[in-house]
Protein chains: 2
Amino acid sequence: METEVWSIGDLARATGTKVETIRFYEKSGLLPAPPRTAGNYRAYGAEHLGRLSFIRRARDLGFSMEQVATLLDLADRKDQSCEVVDIVARGHLAEIDRKLRDLRALRKELAAMIASCDHRTIADCRIIEALAPRG
Amino acid sequence: METEVWSIGDLARATGTKVETIRFYEKSGLLPAPPRTAGNYRAYGAEHLGRLSFIRRARDLGFSMEQVATLLDLADRKDQSCEVVDIVARGHLAEIDRKLRDLRALRKELAAMIASCDHRTIADCRIIEALAPRG
DNA sequence: TCTTGACCCTGTAGTGGCTACAGGGTGCAT
DNA sequence: ATGCACCCTGTAGCCACTACAGGGTCAAGA
């Protein structure tokens, strides 16, 4: 049976990734280097497509490249317990919660600043005042 | 009347900034280069302290260096309307709202993934499954 | 056959916002 | 005189890409 082969551009289109990013993932060790054609073009197979989809999906969910590498490593050991996967995911959730808290606090302060601005000259501007030392 | 003079370390302590960061702000054009002592040390005055405090506060509130530069420019033109200041701040608020939306969506998806993991082997792991192409 | 144009290759440098050295000089107290 | 804390410049590193420059490959059309 013939196996399908994709060029780097095909993979890019299929996964919504830029060509340069795919090469970058290869250089970073996330995506294994595929075989080459006679003309030195990368020739990808189904396993590369799957792996790249995994990477993109995990990155979209905000996992760092290091976390993605860990998850990929784990995903390959199919017979082991998935406890570590759970730990990585929970750690990431905690990070997201921290960011959410920070952003909400930020938003509140910024919104208060904007609400108190009544468009006079900058000398009276509450926003500038709020940023100045001991405003 | 004598004017107070601070070393870069004094400024760093007073504003909670690292020394390297202050030099970085100078190189980036956010903080003007101060005069030097005979020994080539930077000699800061009150205006530098004020400006650095402003920068730090704005950065803490999540304004980009470019936005901070704009705000500093505007803050210097005391007689103009503060409309542009308001526009910058509102633009930043909109950015924060976008980030909040994205993070909340992320959190939801991630939490659902984690909730469905019941610690079997990786072959059955819902988290890995959720990341794999067409789940 | 020749050319056009889309695609591919490598390698390097840039982004933002710092941080961390290396390899030196200065200033003050002991 | 010596130690130590501080200062100086310049460069490289971090993350996760992105954007070139300067070439090579390949298929279709004239």
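Just so we're on the same page: letters track the sequence lines, and every chain starts at 1. In what follows, every heavy atom counts, from backbone to side chain, and hydrogens, waters and symmetry copies are set aside.
Which of D:dT25, D:dT18, D:dC6 sits closest to the side chain of A:Glu20 comes down to D:dT18.
Rounded to whole angstrom, the span from the CG atom of A:Leu30 across to the P atom of D:dC17 amounts to 9 Å. With rounding to whole Å, A:Ile55 atom CD1 is found 12 Å from D:dA16 atom P. The distance between atom CZ of A:Arg36 and atom C1' of D:dC26, rounded to the nearest whole Å, is 17 Å. Computed from coordinates, the B:Leu11 CG to D:dC6 C1' distance equals 15 Å when rounded to whole Å.
With DNA chain D read from its 5' end, the first of the two nearest nucleotides for A:Tyr25 and A:Asn40 is the one closest to A:Tyr25. In terms of position along DNA chain C, the nucleotide closest to B:Arg56 lies nearer the 5' end than the nucleotide closest to the other residue of the pair B:Arg56 and B:Gly39. In terms of position along DNA chain C, the nucleotide closest to A:Asp10 lies nearer the 5' end than the nucleotide closest to the other residue of the pair B:Lys27 and A:Asp10.
Placement of A:Tyr41 and A:Phe24 in two distinct hydrophobic clusters is found when ILVMFWY residues are connected by side-chain heavy-atom separations under 4.5 Å, directly or transitively.
A salt bridge between A:Asp10 and A:Arg13 is present, with a side-chain N of the basic residue lying under 4.0 Å from a carboxylate O of the acidic one. Salt bridge status for A:Arg90 with A:Glu95: absent, with no side-chain N to carboxylate O gap under 4.0 Å.
Counting any heavy atom pair closer than 4.0 Å across all strands shown, B:Arg23 reaches a base atom. At the heavy-atom level, B:Ser64 lies under 4.0 Å from the strands shown only through sugar-phosphate atoms. Within 4.0 Å of B:Ser28, counting heavy atoms only, lies no atom of the nucleic acid at all.
The closest donor-acceptor contact from the side chain of A:Arg59 to the backbone of A:Phe63 lies under 3.5 Å. The main-chain N or O of B:Leu61 is found under 3.5 Å from a side-chain atom of B:His92 such that the two form a donor-acceptor pair.
Every residue two or more places apart in sequence or in another chain that forms a salt bridge (charged side-chain N to carboxylate O under 4.0 Å, His left out) with B:Arg107 is listed here: A:Asp97.
A:Ile55 CD1 to A:Leu30 CG: the interatomic distance, rounded to the nearest 0.5 Å, is 5.0 Å.
From the 5' end on, the contacts that DNA chain C makes with chain B at under 4.0 Å to a non-hydrogen atom open and close at C:dG17 to C:dG27.
Applying the 4.0 Å criterion to OP1 and OP2 of D:dA19, one finds that A:Lys18 has a side-chain N or O inside that range.
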